[in-house]
Amino acid sequence: MVKIQFSKGKDEEVTPEVRLTRSRTGDSGTATFIFTNPQILAEGSSDEVTGMYLIDEEGEIVTREVKGKFVNGKPEGLEAVHVMKSAEEWDRFMRFMERYAEQNDLGFNKAE
């Protein structure tokens with residue numbers, strides 16, 4: 001089971017838009033996750049955002065860089081940035097994304 005969590009033990013059901021950038025050398029990269037109206041921010045939710053946890057059979061990838069988006073004082077979205085500093089981290093992240101995409105029927109569009 002592949003999942004994304006913002007609070008340990010609480011799976012996020014909203015599927016994000018994911019934007020990837022990679023250095024020309026392939027040694028580093030960035031993944032930006034954009035969640036619109038995620039469950040963790042739903043009215044009545046008492047869960048606290050402690051980071052973004054990408055969980056699969058290989059383990060867990062953690063990022064603490066999570067920002068909220070508010071419109072008229074109400075939470076509307078979350079943006080999380082995961083930085084990969086080596087080719088190994090990039091490869092591990094891509095294995096997670098392949099599993100997550102397959103499970104959630106996602107596609108990949110390459111930038112022109």
Side-chain angles (χ1 to χ4, degrees):
M1 182 74 173
V2 182
K3 52 194 167 191
I4 296 176
Q5 298 178 346
F6 290 108
S7 182
K8 289 281 196 165
K10 179 83 172 167
D11 296 350
E12 180 55 58
E13 293 180 19
V14 171
T15 303
E17 176 183 340
V18 182
R19 297 177 184 164
L20 294 172
T21 59
R22 191 172 188 187
S23 68
R24 291 192 190 279
T25 62
D27 292 339
S28 61
T30 303
T32 303
F33 290 75
I34 300 165
F35 292 83
T36 303
N37 296 315
Q39 284 190 307
I40 190 94
L41 298 180
E43 200 169 315
S45 174
S46 61
D47 295 313
E48 184 177 330
V49 175
T50 58
M52 183 177 70
Y53 308 91
L54 310 176
I55 302 166
D56 64 9
E57 63 259 26
E58 286 186 57
E60 186 176 86
I61 301 170
V62 180
T63 184
R64 300 283 182 212
E65 192 174 333
V66 181
K67 299 174 187 171
K69 178 181 177 186
F70 293 82
V71 175
N72 294 325
K74 294 186 178 182
E76 188 173 274
L78 287 177
E79 182 176 297
V81 178
H82 174 62
V83 178
M84 295 152 281
K85 297 178 182 168
S86 69
E88 292 78 24
E89 285 182 13
W90 175 270
D91 291 342
R92 168 66 179 103
F93 174 78
M94 291 306 292
R95 288 193 304 273
F96 169 84
M97 284 307 299
E98 286 169 7
R99 293 178 186 120
Y100 187 79
E102 184 177 308
Q103 180 178 297
N104 292 284
D105 295 324
L106 300 177
F108 177 73
N109 296 326
K110 190 170 183 172
E112 307 256 341

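Everything quoted here is computed from the prediction, not taken from an experiment.
The line from CZ of Phe6 to CD of Glu48 is 13.5 Å long, rounded to the nearest 0.5 Å. In this structure, the separation between CZ on Arg99 and CD1 on Ile55 is 13.5 Å, given to the nearest 0.5 Å. Between the CE atom of Met97 and the CD1 atom of Ile61 there is a distance of 10.0 Å, given to the nearest 0.5 Å. Here the straight-line distance linking atom CE of Met84 with atom CG of Asp27 works out to 12.5 Å at 0.5 Å rounding. The OG atom of Ser23 sits 13.5 Å away from the NZ atom of Lys85 when rounded to the nearest 0.5 Å. Distance check: Ile34 CD1 to Glu17 CD gives 4.5 Å after rounding to the nearest 0.5 Å.
Residues Met52 and Glu65 form no side-chain contact, since every pair of their non-hydrogen atoms from C-beta on lies 4.5 Å or further apart. Ile40 has its side chain within reach of Leu78: a pair of non-hydrogen atoms, C-beta onward, lies under 4.5 Å apart. Taking 4.5 Å as the limit, some side-chain heavy atom of Leu54 sits within range of a side-chain heavy atom of Phe33. Put simply, the side chain of Met1 reaches to within 4.5 Å of the side chain of Gln103, judged on heavy atoms.
Shown here for Tyr100 and Pro16, the closest heavy-atom pair between the two residues is OH-CD, 3.3 Å. In terms of heavy-atom proximity, Gly77 sits nearest to Pro38 at CA-CD, 3.9 Å. Between Leu20 and Ala31 the shortest heavy-atom distance is CD2-CB, 3.5 Å. A pairwise comparison of heavy atoms in Val14 and Asn37 identifies CG2-O, 3.5 Å as the closest pair.
More than 12 heavy atoms of other residues, nucleotides or ligands lie within 6.0 Å of CZ in Arg95, so this atom counts as buried by the packing criterion. Annotation for Glu102: atom CD does not count as buried by contact number, only 12 or fewer foreign heavy atoms lying within 6.0 Å.
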*Should Glu79 and Lys69 be marked as a salt bridge (charged side-chain N to carboxylate O under 4.0 Å, His left out) after you check the CA-CA gap, both sets of side-chain angles, and the distance that decides it?*
CA-CA 8 Å; Glu79 182 176 297; Lys69 178 181 177 186; over 6 Å; no
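Under the side chain to side chain donor-acceptor pair (under 3.5 Å) criterion, the residue pairs touching residues 1-10 are Gln5-Asp11, Lys8-Glu60, with sequence neighbours excluded.
Residues Val81 and Trp90 do not share a hydrophobic cluster, clusters being chains of Ile/Leu/Val/Met/Phe/Trp/Tyr side chains in contact below 4.5 Å. Follow the hydrophobic side-chain contacts under 4.5 Å out from Leu106 and you reach Phe96 in the same cluster. One hydrophobic cluster holds both Val18 and Ile4 under the rule that ILVMFWY side chains link at heavy-atom gaps under 4.5 Å.
Partners of Pro75 by side chain to side chain contact (heavy atoms under 4.5 Å, CB included), not counting sequence neighbours, listed by chain and number: Leu41, Phe70. In this structure Arg64 satisfies the salt bridge (charged side-chain N to carboxylate O under 4.0 Å, His left out) test with no other residue, sequence neighbours excluded.
Between His82 and Phe93, the distance from one ring center to the other falls under 6.0 angstrom.
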